[in-house]
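See structure below.
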Amino acid sequence: MKMEIKETELEKVWELRYKVMYPERDIEYVKLEDDEKGIHLGLYADGKLVSVISLFTDEENIQFRKFATLTGEQGKGYGTILLNEVIDYGKRSNMKKIWCNSRIEKTEFYEKFGFKKTDKKYETDGREFIIVEKIL
């Protein structure tokens with residue numbers, strides 16, 4: 001299988017986010033106010049977009065948002081490959097920290113990569129989130 005990670009057009013990113021994260025909503029719901037300022041990476045398996053992640057940076061930190069893998073493709077390691085690429089990108093870019101707003105039920109996944117839970121929690125749309133971060 002041929003895998004490739006590359007910057008991906010926003011329309012494709014929005015479509016995958018919508019299918020995976022909020023199919024019960026309008027597609028406008030998955031669009032972020034800052035999307036135009038982000039770096040949007042897609043993991044392609046045999047030419048098919050299977051996972052996306054959006055990066056937002058300042059001088060020292062990377063926040064990743066809307067990390068999603070097609071439901072039928074989950075559990076195959078695509079998210080792991082994509083997140084490892086983001087961590088490597090952060091290190092190559094001399095960033096100090098990488099972080100995200102994790103759904104509570106997904107924090108164990110991030111802990112496998114060395115992310116630590118913070119004490120910052122919140123709820124939106126009936127879903128609970130916690131900020132997790134990794135010092136690079």
Side-chain angles (χ1 to χ4, degrees):
M1 175 178 297
K2 181 179 181 253
M3 281 194 272
E4 180 182 24
I5 296 172
K6 63 181 181 179
E7 282 196 51
T8 301
E9 302 83 9
L10 264 174
E11 289 74 22
K12 290 180 181 177
V13 171
W14 289 331
E15 186 180 321
L16 194 141
R17 282 181 192 168
Y18 171 70
K19 283 181 190 174
V20 174
M21 303 178 97
Y22 299 100
E24 74 282 1
R25 299 283 192 142
D26 184 273
I27 196 163
E28 293 299 313
Y29 189 76
V30 302
K31 297 179 180 180
L32 299 172
E33 189 176 315
D34 292 337
D35 265 340
E36 298 294 335
K37 298 176 187 164
I39 299 166
H40 307 282
L41 299 178
L43 186 145
Y44 292 77
D46 289 334
K48 176 184 175 186
L49 180 62
V50 296
S51 191
V52 295
I53 194 166
S54 297
L55 311 179
F56 300 89
T57 62
D58 59 25
E59 293 81 34
E60 299 184 331
N61 306 302
I62 298 174
Q63 178 189 18
F64 62 91
R65 301 180 69 184
K66 304 295 186 193
F67 182 21
T69 300
L70 288 174
T71 306
E73 302 294 338
Q74 292 176 7
K76 298 180 180 179
Y78 297 128
T80 295
I81 293 166
L82 193 51
L83 186 54
N84 277 325
E85 174 58 30
V86 170
I87 292 167
D88 290 346
Y89 170 80
K91 290 176 181 175
R92 288 191 311 267
S93 302
N94 295 315
M95 295 289 171
K96 291 193 165 71
K97 179 173 74 174
I98 184 168
W99 65 281
C100 78
N101 300 315
S102 170
R103 290 184 185 183
I104 292 287
E105 68 271 15
K106 299 293 185 185
T107 55
E108 198 174 289
F109 174 77
Y110 296 114
E111 288 173 328
K112 291 188 279 187
F113 295 87
F115 284 80
K116 305 285 186 213
K117 295 178 191 173
T118 67
D119 58 359
K120 299 174 187 118
K121 294 181 181 179
Y122 67 96
E123 186 177 321
T124 188
D125 289 334
R127 291 181 168 107
E128 289 183 81
F129 292 84
I130 186 167
I131 293 176
V132 296
E133 62 185 24
K134 177 180 177 71
I135 305 304
L136 298 175

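From a predicted model like this one, the values you see are computed outputs, not experimental measurements. Just so it is clear, the values below take in all heavy atoms, side chains as well, and ignore hydrogens, waters and symmetry mates.
Interatomic distance, CG of Asn101 versus NZ of Lys106, reported as 15.5 Å (0.5 Å rounding). From Arg103, atom CZ reaches atom CZ of Arg127 across 4.0 Å, with rounding to the nearest 0.5 Å. For the atom pair CD1 (Ile130) and NZ (Lys120), the distance works out to 10.0 Å, reported to the nearest 0.5 Å. Distance CG/Leu41 to OG/Ser51: 10.0 Å, rounded to 0.5 Å. Gln63 CD to Met95 CE: the interatomic distance, rounded to the nearest 0.5 Å, is 12.5 Å. Here the CG atom belonging to Leu49 is positioned 10.5 Å from the CD atom belonging to Glu73, to the nearest 0.5 angstrom.
With a 6.0 Å radius and a threshold of 12 heavy atoms from other residues, nucleotides or ligands, Glu4 has its CD atom above the threshold. Within a 6.0 Å radius of NZ in Lys116, other residues, nucleotides and ligands contribute 12 heavy atoms or fewer. The environment of CD in Glu24 is crowded: more than 12 heavy-atom neighbours from other residues, nucleotides or ligands sit within 6.0 Å. Annotation: Glu59, atom CD; neighbour count of heavy atoms from other residues, nucleotides and ligands within 6.0 Å does not exceed 12.
Side-chain atoms of Trp14 and Glu28, non-hydrogen and from C-beta on, never get closer than 4.5 Å to each other. Residues Lys112 and Thr80 form no side-chain contact, since every pair of their non-hydrogen atoms from C-beta on lies 4.5 Å or further apart.
A continuous path of Ile, Leu, Val, Met, Phe, Trp and Tyr side chains, each step under 4.5 Å between heavy atoms, connects Val13 with Ile27, placing both in one hydrophobic cluster. At a threshold of 4.5 Å between side-chain heavy atoms, the hydrophobic network of Ile, Leu, Val, Met, Phe, Trp and Tyr places Val52 and Tyr18 in one connected group. When hydrophobic clusters are built by joining Ile, Leu, Val, Met, Phe, Trp and Tyr residues whose side-chain heavy atoms come closer than 4.5 Å, directly or via intermediates, Tyr89 is not grouped with Trp99. Phe56 and Leu82 are not part of a single hydrophobic cluster, where members link through side-chain heavy atoms under 4.5 Å apart. Cluster membership check: Tyr110 shares its hydrophobic cluster with Ile81, using side-chain heavy-atom separations under 4.5 Å among Ile, Leu, Val, Met, Phe, Trp and Tyr.
At least one donor-acceptor pair under 3.5 Å links the side chain of Thr118 to the backbone N or O of Ile131. Judged by distance alone, with hydrogens and angles left aside, the side-chain atoms of Thr107 form a donor-acceptor pair with the main-chain N or O of Ile104 at under 3.5 Å. One N or O on the side chain of Lys134 and one on the backbone of Phe113 form a donor-acceptor pair closer than 3.5 Å. Formation of a donor-acceptor pair under 3.5 Å by the Asn61 side chain with backbone atoms of Ile98 is not found in this model. Asp35 places no side-chain N or O within 3.5 Å of a backbone atom of Lys31 that could act as its donor or acceptor partner. When atom types are taken as modelled, the side chain of Arg17 and the backbone of Val30 share a donor-acceptor pair closer than 3.5 angstrom.
Salt bridge status for Glu133 with Lys117: absent, with no side-chain N to carboxylate O gap under 4.0 Å. Residues Glu15 and Lys12 are not paired through a salt bridge, judged by the lack of any N-O separation under 4.0 Å between the basic side chain and the carboxylate.
Counting only N and O atoms by type, the side chains of Thr8 and Tyr44 include a donor and acceptor under 3.5 Å apart. Counted by atom type alone, His40 and Ser54 present one or more donor-acceptor pairs between their side chains at under 3.5 Å.
Between Phe109 and Phe67, the two ring planes are tilted [angle within 30° to 60°].
Scanning both residues, Leu136 and Lys91, for their nearest heavy atoms gives CD1-N, 4.0 Å. Leu16 approaches Ala68 most closely through the heavy-atom pair CD2-O, 3.5 Å. Here the shortest heavy-atom pairing between Ala45 and Met1 reads CB-SD, 3.7 Å.
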Determine, stepwise, if the pair Ile53 / Lys66 fulfils side chain to side chain contact (heavy atoms under 4.5 Å, CB included).
-> CA-CA 6 Å; Ile53 194 166; Lys66 304 295 186 193; over 6 Å; no
For Thr71 and Lys19, what are the C-alpha separation, side-chain angles and deciding distance, and is it a side chain to side chain contact (heavy atoms under 4.5 Å, CB included)?
-> CA-CA 9 Å; Thr71 306; Lys19 283 181 190 174; over 6 Å; no
Stepwise side chain to side chain contact (heavy atoms under 4.5 Å, CB included) test for Cys100 and Val132 = CA-CA 6 Å; Cys100 78; Val132 296; 3.6 Å; yes
Derivation of the side chain to side chain contact (heavy atoms under 4.5 Å, CB included) call for Glu36 and Leu10 | CA-CA 8 Å; Glu36 298 294 335; Leu10 264 174; 3.6 Å; yes
